[in-house]
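Read through the structure below, which is laid out as structure tokens, and then see the notes.
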Amino acid sequence: MKKSSLLFALILGITTSFASNAYDVASGGKTSVKKEGANAFSLPANNLPLSKRLDFSVGNSFFRNPWVEAPASTDARDGLGPLFNTNGCQNCHIKDGRGHPPEAGDQNAVSMLVRLSIPAVTPEQKEQQRKDGAIPEPVYGGQLQDFALPEATPEGQIKISYQDVVVRFNDDEKVTLRKPTLKIDNLGYGEMHPETMMSARVAPPMIGLGLLESIPESTILAIAEEQVKSSDGVTGKANRVWDAQKGDYSLGRFGWKAGQPNLMQQNAAAFNGDVGITSALFSNENCTVNQTVCSELPNGGDIEVSEKILKFVEFYSQHLAVPIRRNVNAPEVKLGQKMFQQAGCESCHRTNIKTAKREGLPALSEQLIHPYTDMLLHDMGEGLADNRPEYLASGNEWRTPPLWGIGYTEEVNGHTYFLHDGRARNLMEAVLWHGGESELSKQKVLAMSKNERDALIAFLNSL
């Protein structure tokens, strides 16, 4: 490549080809990029046409920049709140990466939120849960908002405390896990329902989401059928969730319990619940009838985020690239991959999947990817249970999170907190919280030698 061409490529964020047959390292197929450091999760897909990179940049601007209180001169970005968790998407998905739980002394959770619901008891409530996924808490709704405009009162303050849980390997080395207890202080609008179910959720990474959206439904269902026929105790199931655009149920793909069917709805729901911004998909403010502040304060119009802006944000979230794997030929990484396979981790964390052909999205079409997920719900045991159902997901079930890019977490986000509520402080702690369908795999890890489990972590860090 000539110097002028290389400079042009670098300006546009294009990476040069690292290998034509490097499927071992290119987790996102031809979309993968060769990038390290704090911005490793923030590049467009390597194969995204130049003609579409402006759309990516525009979507990035609406994802990154803050929304403001209405009325404002910047009417394309006004309508914030009045109750919200953040004023911009990037505040939770920091550098397009992973959120974290609040530290001791933090006044707000920032990149973690809390889902709220109550048990479905009556026939009417059971029908509502089937339709909406959960029954919102009557006063505070389906999600706690710990920020508010100056004229309003935040709903509450999220507090987390931890209890030690000691786990021992077979060679007697011990690991101290931390079990979280969630509490909401300073409730702003009265007491909660006495049977309120709460679930803390940290923001997941944004990379590779368009590829996950492009996995054929038939592929996911075939994996579920294969697991049912196996004898290893792994029996994943698909969630079926309400698709507001279709007006019908669809396969759940996104969220910790696969509660959203596609990225357009995932983004619109986040705008509504996290930022307090309405859209054509979610046209009601995120206040309950007990919170009159929504009707009392100005808003940014009946529809505060336009369909055009939502499409730009959708395009951006579809095309954030997965960085390539590193150190794949290191002996400890190769041993760790063997340990990963022997422990049965691939039953859920699937390595090889091909995306469908998608009209108008050539960069995402027909890619051989290595996401390390099966996109299915699994019973992870009582230790990880939030005891809060969501559509078909029980209180013990979680969607298998993709592992691609997990080794970049510390350099992108400055921490190594994992799992849905960030309780695990490193990858081994995350492994040791596995139970339920993954109990047998965990027991195999507990039986590994020190050298073997160090190799397992080296493999995970290579992803």
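Predicted, not measured: the structure shown is a model, and the values here were computed from it. Along the sequence shown, residues carry numbers from 1.
- Counting only residues at least two apart or in different chains, salt bridge (charged side-chain N to carboxylate O under 4.0 Å, His left out) contacts with residues 336-353 comprise E226-R350.
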Review point. Going through the checks in order, is the side-chain contact (heavy atoms from CB on, under 4.5 Å) test met by L281 and Q245?
Key: CA-CA 7 Å; L281 286 179; Q245 290 174 292; 3.6 Å; yes
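- Using bins of under 30°, 30° to 60° and over 60° for the plane-to-plane angle, the ring pair H434/H349 lands in the tilted bin.
- Distance alone, capped at 3.5 Å, places no donor-acceptor pair between the S32 side chain and the I324 backbone.
- The six-membered or imidazole ring of F459 lies near that of F340, with a centre-to-centre distance under 6.0 Å.
- S283 contributes no side-chain N or O that, together with a main-chain N or O of A280, makes up a donor-acceptor pair within less than 3.5 Å.
- Looking only at side-chain heavy atoms (C-beta outward), V305 and F282 stay at 4.5 Å or farther from each other.
- Counting heavy atoms from C-beta on, the side chains of V322 and I369 never come closer than 4.5 Å.
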Exercise for review: Evaluate the criterion side chain to side chain donor-acceptor pair (under 3.5 Å) for residue pair N267 and S317; output intermediate values, then yes/no.
Suggested key: CA-CA 9 Å; N267 294 338; S317 60; 3.2 Å; yes
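- Considering every non-hydrogen atom in both S279 and A268, the closest pair reads OG-CB, 3.8 Å.
- For the pair R399 and W256, the cation-pi test (distance below 6.0 Å, angle within 45°) is failed.
- Using a 4.5 Å heavy-atom threshold, the side chains of L368 and T355 count as separate.
- Between the side chains of D96 and Y316, at least one donor N or O lies within less than 3.5 Å of an accepting N or O.
- Annotation for P323 and I207: closest pair CD-CD1, 4.1 Å, computed over non-hydrogen atoms.
- Aromatic ring orientation, F84 versus F147: parallel (interplanar angle below 30°, classes split at 30° and 60°).
- For N186 (side chain) and G156 (main-chain N/O), no donor-acceptor pair under 3.5 Å exists by modelled atom type.
- Under 3.5 Å, the side chains of T176 and D164 contain no donor-acceptor pair of N or O atoms.
- The shortest side-chain heavy-atom distance between L320 and P44 does not fall under the 4.5 Å cut-off.
- Here E397 pairs with K237 in a salt bridge; the nearest charged N to carboxylate O distance falls below 4.0 Å.
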Exercise for review: Applying side-chain contact (heavy atoms from CB on, under 4.5 Å), run through V241 and Y249 and close with a yes or a no.
Suggested key: CA-CA 5 Å; V241 305; Y249 292 94; 5.7 Å; no
Practice item. List the steps, then state whether ring pair (Phe, Tyr, Trp, His ring centres under 6.0 Å) holds for W67 with F271. Key: CA-CA 10 Å; W67 291 75; F271 269 118; 5.5 Å; yes
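- Within the cation-pi definition used here (under 6.0 Å to the ring centroid, within 45° of the axis), R98 does not qualify as a partner of F418.
- Minimum heavy-atom separation, A385 to N396: CB-OD1, 3.2 Å.
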**Study point:** F315 and D55: CA distance, side-chain angles, deciding distance, side-chain contact (heavy atoms from CB on, under 4.5 Å) verdict
**Key:** CA-CA 7 Å; F315 189 85; D55 290 348; 3.8 Å; yes
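- With S365 contributing its side chain and L361 its backbone, the two residues share a donor-acceptor pair below 3.5 Å.
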**Study point:** Derivation of the side-chain contact (heavy atoms from CB on, under 4.5 Å) call for H319 and L364
**Key:** CA-CA 8 Å; H319 289 91; L364 307 176; 3.9 Å; yes
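- Between R388 and S199, the closest heavy-atom pair is CD-CB, 3.9 Å.
- For D302, the CG atom sits in a loose shell: 12 or fewer heavy atoms of surrounding residues, nucleotides or ligands are nearer than 6.0 Å.
- A salt bridge links K311 with E307: at least one charged nitrogen is closer than 4.0 Å to a carboxylate oxygen.
- The two residues I353 and P371 have their closest heavy-atom pair at CD1-CG, 4.1 Å.
- Inspection of the E439 and Q443 side chains reveals an N or O donor paired with an N or O acceptor under 3.5 Å.
- Of the possible donor and acceptor atoms, one in the side chain of E437 sits under 3.5 Å from a partner among the backbone N and O of D379.
- E411 has no carboxylate O lying under 4.0 Å from a charged side-chain N of K35, or vice versa, which leaves the two without a salt bridge.
- Aromatic ring centroids of W398 and H378 lie 6.0 Å or more apart.
- Just one residue in the list I406, T416, L456 forms a side-chain contact (heavy atoms from CB on, under 4.5 Å) with L427, and that residue is I406.
- In this structure, the side chain of Q367 does not engage the main chain of K354 through any donor-acceptor pair within 3.5 Å.
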Exercise for review: Start with the C-alpha distance between R358 and S214, add both sets of side-chain angles, then the distance that settles side chain to side chain donor-acceptor pair (under 3.5 Å), and finish with yes or no.
Suggested key: CA-CA 7 Å; R358 297 195 65 183; S214 302; 3.1 Å; yes
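- Shown here is K246, whose NZ atom has more than 12 heavy atoms of other residues, nucleotides or ligands within 6.0 Å.
- Counting only distance, with no hydrogens or angles, the side chain of T181 and the backbone of Y162 share no donor-acceptor pair below 3.5 Å.
- Within the 4.5 Å cutoff, the side chain of T373 has no heavy atoms near those of the L403 side chain.
- The closest side-chain donor-acceptor pair between T400 and D374 falls under 3.5 angstrom.
- For E137 (side chain) and H193 (main-chain N/O), a donor-acceptor pair under 3.5 Å exists by modelled atom type.
- Residues satisfying the side-chain hydrogen bond (donor to acceptor under 3.5 Å, both in side chains) test with Q143, not counting sequence neighbours, are N85, R115, D274.
- With respect to E429 and R423, no salt bridge is recorded, no charged nitrogen being found less than 4.0 Å from a carboxylate O.
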Check your understanding: H100 and N413: side chain to side chain donor-acceptor pair (under 3.5 Å), yes or no, with the steps?
Key -> CA-CA 9 Å; H100 58 81; N413 295 125; over 6 Å; no
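- No side-chain donor from either of T122 and K126 sits under 3.5 Å from a side-chain acceptor of the other.
- Residues N239 and L251 have side chains not in contact (no heavy-atom distance under 4.5 Å, counting atoms from C-beta outward).
- Under the 4.5 Å side-chain criterion, counting only non-hydrogen atoms from C-beta, L177 is not in contact with Q163.
- I277 has its side chain out of reach of N272: every pair of non-hydrogen atoms, C-beta onward, lies at least 4.5 Å apart.
- Judged by distance alone, with hydrogens and angles left aside, the side-chain atoms of Q265 form no donor-acceptor pair with the main-chain N or O of D243 at under 3.5 Å.
- For the pair P101 and R178, the tightest heavy-atom approach, listed with the atom from each and the gap, is CG-NH2, 4.0 Å.
- The closest side-chain donor-acceptor pair between R326 and S462, if any, does not fall under 3.5 angstrom.
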Review point. Is there a salt bridge (charged side-chain N to carboxylate O under 4.0 Å, His left out) between K159 and E103 once you walk through the steps?
Key: CA-CA 9 Å; K159 294 288 187 180; E103 302 289 351; over 6 Å; no
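- In terms of modelled atom types and a separation under 3.5 Å, the side chain of Q129 and the main chain of E124 share no donor-acceptor contact.
- Aromatic ring pairs are classed by plane angle as parallel below 30°, tilted from 30° to 60° and perpendicular above 60°; the pair H93 and F63 is tilted.
- In the model, Q291 has a side-chain atom that pairs as donor or acceptor with a side-chain atom of E155 under 3.5 Å.
- In summary, E390 and R201 engage in a salt bridge, as defined by a charged side-chain N under 4.0 Å from a carboxylate O.
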